[in-house]
Asker: 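The structure follows.
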2 protein chains.
Amino acid sequence: MSRPREFDADLALRQCMEVFWTKGFHATSYEDLTRTTQVKKQSLYGVFKNKRELFLKSLVLYREENLSILEKRIANETSPVRQLEAICETALYADDEARIRGCLIINTSLEFGSADEDINREIMQMMQRTEAMIEHAIRGGQAEGTITSRLGSRELALHLSNAINGAKMMEKSGAPREEILGVLRTSIALIQA
Amino acid sequence: MSRPREFDADLALRQCMEVFWTKGFHATSYEDLTRTTQVKKQSLYGVFKNKRELFLKSLVLYREENLSILEKRIANETSPVRQLEAICETALYADDEARIRGCLIINTSLEFGSADEDINREIMQMMQRTEAMIEHAIRGGQAEGTITSRLGSRELALHLSNAINGAKMMEKSGAPREEILGVLRTSIALIQA
DNA sequence: CTTATACTTGACCACACAGTCAATAACTGA
DNA sequence: TCAGTTATTGACTGTGTGGTCAAGTATAAG
């Protein structure tokens, strides 16, 4: 009953997400978005109300995509310690270009602080779901005796997830991947039984 | 031989640093700076060439001040493990208002990425000097047997410094101080012999 | 007192920004 | 075919930005 959309909204969203990821929310202008998507401002507005909504949608896309990759990687590993290693390896990007952008969630968390409720909710969800995966693997390791039981699974999970956050920071500041992975391997080594 | 400056440049720099710390570099406008310092734009320019130079000076001030506080706190502690605890406690701000701002160095590191050389140099210097203090304490602990020797002092220091960076991130995203300290205490507990 | 020098002040500039408007185009159901 | 609806387009708006200019002012050396 109306004129059909000429552009692929999912594709455009993904492209916008990439731009936000590279430049951050505030540093991204509408011109950046229209240039890379080849979609005019008003058309983007038609689908996503404004820059903030577009950003929120980008966050969700990023989160769901990353969590699903993480889940698949974990599923491929049998031993809990290998699962933890896989989580760490997946958290760090292999590609040099991607690495310098760091992690969109971490970047956003620092760009917005705790000011924006909606954005904070998305970030927390990413954190918590990652933590849950880590804790699950740790419990498995504790059950089979490869991971220490001197401390509770939740404490150990928080330790590792905190280390990963730190690693993602190092990643953005340009440290070489092997160096960062080394730190994470230490973090894992420290919790093995 | 010329008209004397009417404002205190050191005070103005400190005030600017506070603004940058709260809002970040890009989000801080000259209006913010002139409002809080009560110094007109052109006068600030006379002392600090432009916004970026002013920011660089702010970074250095922040760094030196924080490192000197850290050094004093360490000097008060005798046992290496207590020294590490002191470093962690000092890294996190006690005051609620300060806590939500996070750490200027970490914020800057994520705001600029690795793009700006000069800024990166200041950041790296802060990191390295903190790491050195941590490693020194760890070596002391290893010598007296309170800290594990399963891993080298440098690896352990990187582990702890990475954990502190993660903690500073959590700090900015609004997590309660006790929760963050808990994570850091775990990080210390894991390296004790 | 004169003059050189640096500080102060407020007006000013060109630009980039997010978001809006109004005119036009494409499609569909009746 | 035509009426209703939505998409597209480019021009437009108002605001805020970092940075500059020029005119005026306080100081100290000579």
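Letters A, B, ... mirror the listed sequences (proteins, then strands); counts begin at 1.
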Asker: Could you give the CG-to-C1' distance, from A/Asn50 to C/dC17, as a whole number of Å?
Answerer: 14 Å
Asker: What do the steps show when you test A/Asp116 against A/Arg52 for side chain to side chain contact (heavy atoms under 4.5 Å, CB included), and what is the final call?
Answerer: CA-CA 11 Å; A/Asp116 191 311; A/Arg52 184 170 169 279; 2.9 Å; yes
Asker: For this output row, return yes or no: ring centroids of B/Tyr93 and B/Trp21 closer than 6.0 angstrom.
Answerer: yes
Asker: Is the phosphate of C/dG19, meaning OP1 or OP2, less than 4.0 Å from a side-chain N or O of A/Tyr45?
Answerer: yes
Asker: Within the pair A/Ser43 and D/dA7, is there a side-chain N or O less than 4.0 Å away from OP1 or OP2?
Answerer: no
Asker: Look at A/Lys57 together with A/Glu53 and state whether they make a salt bridge at an N to O cut-off of under 4.0 Å.
Answerer: no
Asker: Report yes if a donor N or O on one partner sits less than 3.5 Å from an acceptor N or O on the other, where the partners are the side chain of A/Lys40 and the base of D/dG10; otherwise report no.
Answerer: no
Asker: Specify the separation, in whole Å, of atom NE2 of B/His26 and atom P of D/dT17.
Answerer: 13 Å
Asker: Starting at CZ of B/Phe7 and ending at P of D/dT25, how long is that distance when rounded to a whole Å?
Answerer: 20 Å
Asker: Roughly, in whole Å, what's the span from CD in B/Gln42 to C1' in C/dA11?
Answerer: 12 Å
Asker: Roughly how many Å is it from CD in B/Glu6 to P in C/dT8, rounded to a whole number?
Answerer: 5 Å
Asker: In whole Å, I'd like the distance from the OH atom of B/Tyr30 to the P atom of C/dT9.
Answerer: 16 Å
Asker: Do the rings of A/Phe55 and A/Phe20 sit parallel, tilted or perpendicular, given the 30° and 60° boundaries?
Answerer: perpendicular
Asker: Heavy atoms only, 4.0 Å cut-off, all strands: where does B/Thr34 land among base, sugar-phosphate and nothing?
Answerer: nothing
Asker: Starting from P on C/dA6, measure out to CZ on B/Phe48 and report it in whole angstrom.
Answerer: 18 Å
Asker: Is the shortest distance from a Lys or Arg side-chain nitrogen in B/Arg177 or B/Glu171 to a carboxylate oxygen in the other one below 4.0 Å?
Answerer: no
Asker: Any side-chain N or O of B/Ser29 under 4.0 Å from OP1/OP2 of D/dG16?
Answerer: no
Asker: Could you tell me how far apart A/Asp32 (CG) and C/dG19 (C1') are, to the nearest whole angstrom?
Answerer: 16 Å
Asker: Which sits closer to the 5' end of DNA chain D, A/Arg5 or B/Arg52, going by the nucleotide each is nearest to?
Answerer: A/Arg5
